[in-house]
2 protein chains.
Amino acid sequence: MLHVLPKAADGHALPPQLLSPRPSLRQTVTTLQMPPRSTVFLEGFARGPQYRVIEGCVAVSQTLPDGRRQIIDMVGPGRLLGIGTGERNRCSAETLSYVVLEPVGKAEPVDLQAALHEMVLRGQALATLLGRKNAAERVASAILDLAGQFVRPAKGGKRGSICFTLYPTRGDLADWLGLTVETVSRCFTRLKRAGLIDFRQPEIVTLLKPEAMAQIAAGTATLANA
Amino acid sequence: MLHVLPKAADGHALPPQLLSPRPSLRQTVTTLQMPPRSTVFLEGFARGPQYRVIEGCVAVSQTLPDGRRQIIDMVGPGRLLGIGTGERNRCSAETLSYVVLEPVGKAEPVDLQAALHEMVLRGQALATLLGRKNAAERVASAILDLAGQFVRPAKGGKRGSICFTLYPTRGDLADWLGLTVETVSRCFTRLKRAGLIDFRQPEIVTLLKPEAMAQIAAGTATLANA
DNA sequence: CGATACGTTGATTGACTTCAACTAAGGTGG
DNA sequence: CCACCTTAGTTGAAGTCAATCAACGTATCG
């Protein structure tokens with residue numbers, strides 16, 4: 001429940017790098033801590049440094065002129081942020097939890113190519129999801145993806161079930177999946193009623209039937225006959 | 001009307017590289033010609049070589065288990081095909097016209113990183129389109145993209161108008177834009193009636209008002225008040 | 001000449017959005 | 001400590017955009 005505690009200063013509409021990623025007191029020489037809802041990069045501003053996410057969850061997004069937002073990727077531990085080549089950021093990046101970042105590229109040579117390639121693959125999967133999947137399939141795909149990136153050490157869960165922290169809010173998920181908050185919420189409710197997931201708080205989710213969920217995500221089974 | 005002439009053998013469900021990209025009689029030492037509707041790569045099969053598109057149009061796509069298809073990108077002259085790193089192709093690639101390909105990577109060192117980066121950017125733009133744009137905005141975006149990639153030498157067109165060959169069929173566009181054939185067709189009709197484009201044959205399109213089209217694509221204007 | 005593929009248009013349906021009301025949890029300040 | 005506000009989430013009812021279903025025109029091809 002880390003990300004429920006203190007509230008980040010609202011850095012929106014302000015140049016990034018100057019305000020938001022200010023180091024916390026516990027910063028070590030090589031890492032950077034940021035509170036939830038702070039801005040790592042801001043679309044359109046001068047490109048920032050590259051980071052590896054050590055801990056927490058970051059949402060990478062683009063915004064249309066009229067404010068519609070599309071989250072391009074959810075980035076968890078181990079993955080890279082800000083590998084662009086232009087002068088300016090093409091995407092914004094916002095922390096969805098307490099996040100620990102490590103600047104990269106200095107001493108340690110990262111495999112940029114592999115990271116870029118992973119981004120291409122994830123982008124393609126997202127395009128297929130957005131273009132051709134229905135609401136239930138999208139939500140199921142998202143749950144599987146996030147469960148993979150954010151599993152938490154299982155404390156006595158049943159065999160085969162996966163418990164994870166769902167950092168994005170329903171609204172974040174909607175902006176990722178091309179849906180609305182309400183539709184996302186309804187899908188969660190139906191998945192819960194169908195016994196595929198369980199949650200008391202909306203952000204601690206247990207994936208009870210990963211295989212069934214995968215079937216739904218792929219469109220080879222529907223919620224009706226699951 | 002190149003791509004209307006002969007019909008390619010249907011390479012679907014057959015291993016690629018063996019059947020489809022057979023060299024034409026006019027093949028030179030370094031390039032490869034392929035007829036319309038032939039398969040360059042097939043999703044799931046062993047990875048093929050990398051090509052640069054010299055001429056024509058190639059559609060890169062993914063398919064869900066039940067057959068729904070999402071076109072990930074339309075690739076025109078100058079751009080690269082098949083820059084993946086796994087063992088198997090993650091996407092299929094199909095020619096939409098007569099296509100001239102040039103194998104790359106041998107003597108000439110290509111800037112793979114730049115190509116990967118371009119793919120990431122285009123993928124992100126597609127995700128935003130699919131997740132957050134309505135039908136008219138999607139079609140407008142597609143027309144602008146294709147006009148850029150496939151302009152033809154203007155022969156006496158009016159100032160500011162751009163004439164191009166629309167290689168993809170309405171069905172291909174639908175699979176690219178996450179719509180149906182009918183919706184794409186209706187959008188074309190409306191854009192034509194609004195005076196933004198013109199066409200006699202459905203595949204030779206003239207973009208009459210690029211700026212107005214860009215407004216629609218961005219969502220800052222609607223077809224109603226254009 | 002019939003068969004097939006592509007495109008267009010109209011009528012109807014439906015999945016998701018929009019609008020609205022309500023609950024619960026946290027944070028603030030008197 | 002409690003009244004008050006804000007934010008997130010859920011649920012229901014109504015509305016809408018695009019999908020589906022259907023019919024038809026045209027061009028190509030065997």
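Small disclaimer: the values here were computed from a predicted structure and weren't measured. So that the names make sense, note that chain A is the first sequence line, chain B the second, and so on, each numbered from 1.
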Q. With no angle test and no hydrogens, is the base of C:dC6 tied to the side chain of B:Gln201 by a donor-acceptor pair under 3.5 Å?
A. no
Q. Atom CG of A:Asn134 to atom P of D:dA18: distance rounded to whole Å?
A. 17 Å
Q) Rounding to a whole Å, what distance do you find between A:Arg68:CZ and D:dC17:C1'? A) 13 Å
Q.
How many whole angstroms separate atom CD of A:Glu137 from atom P of C:dA15?
A. 12 Å
(Q) To the nearest 10°, give me the bend of the helix from C:dC1-D:dG30 to C:dG30-D:dC1, comparing the axes of its five terminal pairs at either end. (A) 30°
Q: Round to a whole Å and report the spacing from CG of B:Leu179 to P of C:dC16.
A: 15 Å
Q | Test item: A:Glu43 side-chain N/O and A:Thr63 main-chain N/O as donor-acceptor pair under 3.5 Å | A | yes
Q. Quick check: does any side chain N or O of A:Glu137 sit under 3.5 Å from a backbone N or O of A:Asn134, one acting as donor and the other as acceptor?
A. yes
Q. Taking atom types as they are modelled, is there a donor-acceptor pair under 3.5 Å from the base of C:dC19 to the side chain of A:Glu182?
A. yes
Q: Could you check which of C:dT18, C:dT8, D:dT10 has an atom nearest any side-chain atom of A:Thr180?
A: C:dT18
Q: Could you tell me whether the phosphate oxygens of D:dT11, OP1 or OP2, come under 4.0 Å of any side-chain nitrogen or oxygen in A:Ser185?
A: no
(Q) In whole Å, I'd like the distance from the CZ atom of B:Phe188 to the C1' atom of C:dC6. (A) 14 Å
Q) Within the pair B:Thr183 and D:dA19, is there a side-chain N or O less than 4.0 Å away from OP1 or OP2? A) yes
Q: Report which part of the nucleic acid A:Thr169 touches: base, sugar-phosphate, or nothing (heavy-atom distance under 4.0 Å, all strands).
A: sugar-phosphate
Q.
Should the side chain of A:Arg186 and the base of D:dG9 be counted as holding a donor-acceptor pair, with the cut-off at 3.5 Å?
A. no
Q. Which one of B:Leu177, B:Asp175, B:Leu96 satisfies the side chain to side chain contact (heavy atoms under 4.5 Å, CB included) criterion with B:Pro168?
A. B:Leu96
Q: Assess whether side chain to side chain contact (heavy atoms under 4.5 Å, CB included) is satisfied between B:Val40 and B:Met34, documenting all intermediate values.
A: CA-CA 9 Å; B:Val40 186; B:Met34 299 178 68; 3.9 Å; yes
Q: Heavy atoms only: give me the nearest A:Val139-A:Cys187 pair and the separation to one decimal.
A: CG2-CB, 3.7 Å
Q: Return the 5'-most residue of the pair A:Arg132, A:Pro202 with respect to DNA chain D, ranking by each residue's nearest nucleotide.
A: A:Pro202
Q. Rounded to whole angstrom units, what separation is found between the OH atom of A:Tyr167 and the P atom of D:dA8?
A. 18 Å
Q) Considering only heavy atoms from C-beta outward, does the side chain of A:Val75 approach that of A:Val60 to under 4.5 Å? A) yes
Q) Do NZ/NE/NH1/NH2 and the carboxylate oxygens of A:Asp172 and A:Arg37 come within less than 4.0 Å? A) yes
(Q) Nearest whole Å is fine: how far is C:dC6 P from B:Asp172 CG? (A) 8 Å
Q. Taking atom P of C:dA25 as reference, at what distance in whole Å does atom CD1 of A:Ile204 sit?
A. 15 Å
